[in-house]
Protein chains: 2
Amino acid sequence: MAAQKTKVTIFDVAKASGVSSSAVSYALNGKPGVSEATRAKVLQVARELGWKPNGAAQSLAQSKTRRIGLILGYDPQLLAVEPYMMSLISGLGAELEEKDYSLLVRMSMDSDDEDSIIEDWIATSNVDAMLLLNLEIGDPRIEMMKENPQMPVLAVADASLTAGLPTLASDDAAAVGLAVRHLYDLGHRSIARVAGPEELGHSYIRDAAFSEVTAELGVRYRCLHTDYTPAAGADATKRLLSVNPSPTAIIYDNDVMALAGEGIAAMNGVRVPEDLSIMSWDDSFMCEAAHPGITALNRDIVESGRIAASLMLKLIDGEEVGVVEEPPYVLRVRESTGPAPQR
Amino acid sequence: MAAQKTKVTIFDVAKASGVSSSAVSYALNGKPGVSEATRAKVLQVARELGWKPNGAAQSLAQSKTRRIGLILGYDPQLLAVEPYMMSLISGLGAELEEKDYSLLVRMSMDSDDEDSIIEDWIATSNVDAMLLLNLEIGDPRIEMMKENPQMPVLAVADASLTAGLPTLASDDAAAVGLAVRHLYDLGHRSIARVAGPEELGHSYIRDAAFSEVTAELGVRYRCLHTDYTPAAGADATKRLLSVNPSPTAIIYDNDVMALAGEGIAAMNGVRVPEDLSIMSWDDSFMCEAAHPGITALNRDIVESGRIAASLMLKLIDGEEVGVVEEPPYVLRVRESTGPAPQR
DNA sequence: TTGTATGCGTTATCAA
DNA sequence: TTGATAACGCATACAA
């Protein structure tokens, strides 16, 4: 009953229970082909010997790894400061754990790296399915995956980017509507946005939606692109506040930048929300901890991770998966947004 | 040269190059036993056929998975708000990638879960080595690993907790010295600490060091334990500020709580740093983005991850690893700490 | 230098 | 209901 030092195989179990290895295999896998008596006996002996299936042997025999592949882009600062990836991993991990799957993680330094990891996984069968994140417009990885339909893949991206691949889609456009409408209702007619890097697919989607929605409502709109760092957020804020008339509200693409912007406003004697309203895209403890608390677009990323995991398991089982919507964004109104100042 | 739909094995390569499978194996693995001519030929053919080794077969044959195991405790909020884990993963991933290893991640809901994951990994040989994090005092996992010396393991913890296991050790006591000394030099003689959960091993270590250092210096010291959330940090701050005389400086165990504390101070008309100095343990963009910027104990967690990975690879190679020190903490002085107020 | 044969630990097929 | 036996794909000891 104690942990065994030496590997114990089904042959050991077979010998100890006086049956053949195939009988053991059937018994342990709950398959028909053995009497209840032997099954019970085998299970008993297996437990006593502390038998567990060898992962590699199992994988080889059934061409299944029980692993899901996830590639992280190497940007420690961004990964650390954006709650997104860790939240997603939490959801993925929690769901996979229930189904006895693991997450296989690799890190890519650039997009070529990522391509070769994908090729590697396809060729070596080291994962049963993989997740595709951070798609860009016309991303070449889409083609790669379409050429290798034997490898299930789930894209997490706006459906317009995934060319028919199984997709967990977020409705960023709807979120843009929520945010702009909130400010519009408060009387704001000149809104600025401090966005992330222009080349990211989701930046593009949001850009388009912002332009459209503000145009519809007759709201002045201006957008500055940054690298997501607080320094860049602070700098963009300074620039926006220096023009005349300056916007009455700023929406930041992440919470560190919103926090940095709030700081710049305070330093310049600009009161939040009396003189300037501030919003953040993607909510976290940071928005709650800030003072004043930052109104933010909140979404359940952990739940997205769970859904993504379950969709990949479906794909592995050969089920069809089309475009599934993520849990929607919800507006968390805090103290950083208020009525537009009269000018 | 295009990607192959069907699995191509070394036998296919052997047939196509007119040699035996063993010659192919030798050639592809750069081992002696084949002429340069055949080696070149085989490599050429393998490339043409798009051959890559099957992971499971390779693992089975050489009892090596090229995977390192990492168990995450399921606490999405904590994981998301603490840059620690994601930074560590970044470092691990970057280093492992260079050595062609992957990270196998599983999520545990509680400590029993974690034990059974460890048992599973030991029995199924699904990883070549594993990382042990968040050790508690007298943690039972230490015994488990000692009973199974065939599974290399690296503990990341204070060396006093790891009972001689290979350890990547942080010098939290030294960091406590840095922090307290900084405040002491600024004239502070009454310092409070808003700590994390009492049951965490590193909380315990820090508790002891704080008590010792402050006693030595003759500094008043008070400690409140929380659950790491901004709400708890805010609450603790309120309590600390309500006593008379209140501490002139507060050190928070993470940055969200420091941020929340800064907010409470602002709301109560307590000026930072004129009336109250604030420090954070563990630095992140948040401390930089805050206003005023928060003085923090900074350490290179990504580098720790790299070191941890390389130590595990050494262990896998059978090398001895004792206690290795992490990169030291460095004090990042920002605007939130200043001379103690005169009273 | 080359090819044959066997082991790695399962699963699955096919007679008995 | 059983028990040999053949995959699975690669590595390698051994024979040629």
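Atoms considered below: every heavy atom in the structure, side chains included; atoms not considered: hydrogens, waters and symmetry mates. Every chain is numbered from 1, with letters handed out A, B, ... down the list of sequences.
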Stepwise side chain to side chain contact (heavy atoms under 4.5 Å, CB included) check, A:Ile71 with A:Asp113: CA-CA 10 Å; A:Ile71 302 174; A:Asp113 261 10; over 6 Å; no

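Comparing the axis of the opening five pairs of the helix from C:dT1-D:dA16 to C:dA16-D:dT1 with that of the closing five pairs yields an angle of 50°, rounded to 10°.
Heavy-atom contacts of chain B under 4.0 Å fall on DNA chain C between two terminal nucleotides, which in 5' to 3' order are C:dT1 to C:dG9.
Shown here are the salt bridge (Lys or Arg N to Asp or Glu O under 4.0 Å) partners of B:Glu136, two or more places apart in sequence or in another chain: there are none. Shown here are the side-chain contact (heavy atoms from CB on, under 4.5 Å) partners of A:Ser59, two or more places apart in sequence or in another chain: A:Thr65, A:Arg67, B:Ala56. A:Lys99 meets the salt bridge (Lys or Arg N to Asp or Glu O under 4.0 Å) test with A:Glu95; sequence neighbours excluded. For B:Glu326, the salt bridge (Lys or Arg N to Asp or Glu O under 4.0 Å) test picks out B:Arg299, with sequence neighbours left out. For the side-chain contact (heavy atoms from CB on, under 4.5 Å) test, residues two or more places apart in sequence or in another chain that qualify with A:Ala94 are A:Arg306, B:Tyr74, B:Met109. Taking A:Ser17 as the reference, A:Val13, A:Val19, A:Lys41, A:Val42, A:Val45 meet the side-chain contact (heavy atoms from CB on, under 4.5 Å) condition, with sequence neighbours excluded. Every residue two or more places apart in sequence or in another chain that forms a side-chain contact (heavy atoms from CB on, under 4.5 Å) with B:Arg39 is listed here: B:Ala27, B:Val34, B:Glu36, B:Leu43.
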Sugar-phosphate means primed atoms, P, OP1 and OP2; the rest is base. With that split, encode nucleotides 5-14 of chain D 5' to 3' as B, S or - using protein heavy atoms under 4.0 Å. ---BBBBBB-

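Here side-chain hydrogen bond (donor to acceptor under 3.5 Å, both in side chains) pairs that include residues 100-112 of chain A, with residues two or more places apart or in two chains, are A:Arg106-A:Asp120, A:Arg106-B:Glu97. Within the structure, no pair that satisfies the salt bridge (Lys or Arg N to Asp or Glu O under 4.0 Å) test touches residues 11-31 of chain B, not counting sequence neighbours.
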